[in-house]
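Single-structure report; data block below.
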Amino acid sequence: MAGRTRAAHASQGALRGRGHPHPRAPAGQLGRRRVGVPLTTDTAKGGTSGAPVRQATFRQVFAVREFRALFGTFLLSAAGDELARVALTVLVYARTESPLLAALTFAIGYLPWLLGGPLLSALADRFPRREVLIATDLARAALVALMALPGVPLWLLLFLLFVVGLCAPPFESARSALMTDVLDDDRYAVATSIVGSTVQLAQVGGFLAGGALLLVFSPSTALLVDAATFLISAVWLGARLQRRPAPAAADDATGPPSLWQDALAGLRLVRGTPRLLAIIGVVWLGTGFLYAPEGIAAPLADELGGGPTAVGVLLAANPLGLTIGGLGIARLVPPHHRERLVEPLVVLSLAAVLASGLVAVLAGPGPSTYWTVVALLFVSGLGGAWTIPLNVAFVQAVPRAYRGRAFGVAVSGIAGIQGIGALASGLAAEAVGPSMVVALAGGLGMIALAPVLWAYRGTRIQAPATVDAEGASRE
């Protein structure tokens, strides 16, 4: 909810808005690289031997102390965020019975990325990333605690939610870029799948807890829990992360440019790199259509005959599928085969959304229809594991000093599209009903993604096997 996009939970860290939003933000990998480095390049020593990267294990990833801190704090606060998000969404829908206002509540946390994401993300390259993480966590803890005060009007609650969301771009960009400083080689890829997948379990727990707690507690309780997760995160990160200089200052001997110049440099990098453009195109459109139905989860559950708890289960189905699919990609698929799965997984994820909408439209309300929709959204989550190989491909194409800004551009687009998609789904649901909106999202998504996937496939085939790498820090 308050400040983490699905891209970010992807994106958390993925190029996916679940997250982030989560979305959640993309996680980084070390090395100054030229565009188009394949997954089979040996980057650990900065060479270009083309030797396959050795597949990392979960134990090797969790052996890195700083990763444990980044992982643990993100998981903790993600659960609090989703608990609060579902509480606010159900609260607004209960007060207004408006699918549009419920979608607005769900989407408003993503909009700051669209309005200020690239600019605010530049802070992750201008200042030490550890300090950026701690400062934004403390600010969000205070703001969310204000939201939990009794009697806060709805308009003020939504405004504070928007302000809290402004802290997300620098935080997510700093966290994602810092992943590149603590992990190398396939440890990064495995860590990406761990973060992007297990954070979905946190979302599952948050969604389910949010629906259940609404039967007993007020939304203020959920907001206080979320505020506490930000505070704990700040303390944990301060105790466990090493101090590092700001990467932009280390790479720029002529003095720091303005914040606007930093942001524009990140935009120029993405715009001038066909590989990055293709990857971002797939991610933006894919997440836009794939997660648009989340904004109408409350009215969809109501249409199918469910209550507040049904909303939580409906929202939890996709992240649970992504958890299993992401871990399967990381541990069962060799590194050099992962990127080949992007196209079929994208199609699977959207086809399942289309099928769930058609089932809801044709079968009508009832328990069997509801659980069939939940099962199909779970399958859509399994297909959503396409974000993991795209994360790897993205960071391989971005120089270290630009990663905060490049992540900011990518995640800002993800969050903005998720917010717009949620609002569009709310508007459409007012006219044609939630079930039809879900079916349209899946069908139109497959049509829109076809040319973008073709362009992405071309950049993958043409990618040169060269790399200019910097050494990774190790423990």
Side-chain angles (χ1 to χ4, degrees), residues 8-15 20 24-33 42-46 53-78 121 124-125 127-137 170-199 233-251 330 335 388 391-392 394-396 398-407 411 467 469-475:
H9 288 146
S11 68
Q12 351 139 29
L15 265 177
H20 4 43
R24 314 259 190 217
Q29 176 164 329
L30 271 182
R32 184 182 305 281
R33 307 175 190 276
D42 182 4
T43 65
K45 301 175 182 178
V53 173
R54 178 178 298 178
Q55 191 162 1
T57 65
F58 292 156
R59 176 178 293 183
Q60 290 171 333
V61 172
F62 281 104
V64 180
R65 185 183 68 172
E66 289 184 287
F67 170 74
R68 294 197 299 271
L70 290 170
F71 172 76
T73 56
F74 190 71
L75 194 66
L76 171 71
S77 53
S121 295
D125 290 334
F127 299 99
R129 288 164 178 162
R130 172 183 177 274
E131 281 64 34
V132 170
L133 294 176
I134 295 171
T136 50
D137 261 345
F171 179 91
E172 295 295 347
S173 297
R175 185 199 63 82
S176 298
L178 194 57
M179 289 276 285
T180 71
D181 294 329
V182 303
L183 296 167
D184 59 3
D185 293 341
D186 196 48
R187 287 199 298 180
Y188 155 72
V190 173
T192 299
S193 69
I194 292 172
V195 173
S197 298
T198 56
V199 77
S233 174
V235 174
W236 194 348
L237 293 171
R240 293 298 181 180
L241 292 184
Q242 297 179 14
R243 295 180 182 273
R244 293 177 174 85
D251 288 357
I388 292 172
N391 269 317
V392 178
F394 183 85
V395 298
Q396 286 175 330
V398 181
R400 178 180 181 271
Y402 284 83
R403 288 196 181 117
R405 285 163 281 181
F407 296 150
V411 181
V467 63
E470 295 172 347
S473 60
R474 295 176 175 81
E475 297 192 21

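- Between the CG atom in Leu237 and the CD atom in Glu66 there is a gap of 10.0 Å [rounded to 0.5 Å].
- Taking each heavy atom of Val132 and Pro170 in turn, the nearest pair found is CG1-O, 3.5 Å.
- Arg130 contributes a side-chain N or O that, together with a main-chain N or O of Leu241, makes up a donor-acceptor pair within less than 3.5 Å.
- Within the model, atoms CZ of Phe171 and CD1 of Ile134 stand 10.0 Å from one another, a figure rounded to the nearest 0.5 Å.
- Between the OG1 atom of Thr73 and the CZ atom of Arg175 there is a distance of 8.0 Å, given to the nearest 0.5 Å.
- Atom CD of Gln60 is separated from atom CZ of Phe67 by 12.5 Å, given to the nearest 0.5 angstrom.
- A pairwise comparison of heavy atoms in Met179 and Leu70 identifies SD-CD1, 4.1 Å as the closest pair.
- Scanning for side chain to side chain donor-acceptor pair (under 3.5 Å) contacts around Arg243 gives Glu131, with sequence neighbours left out.
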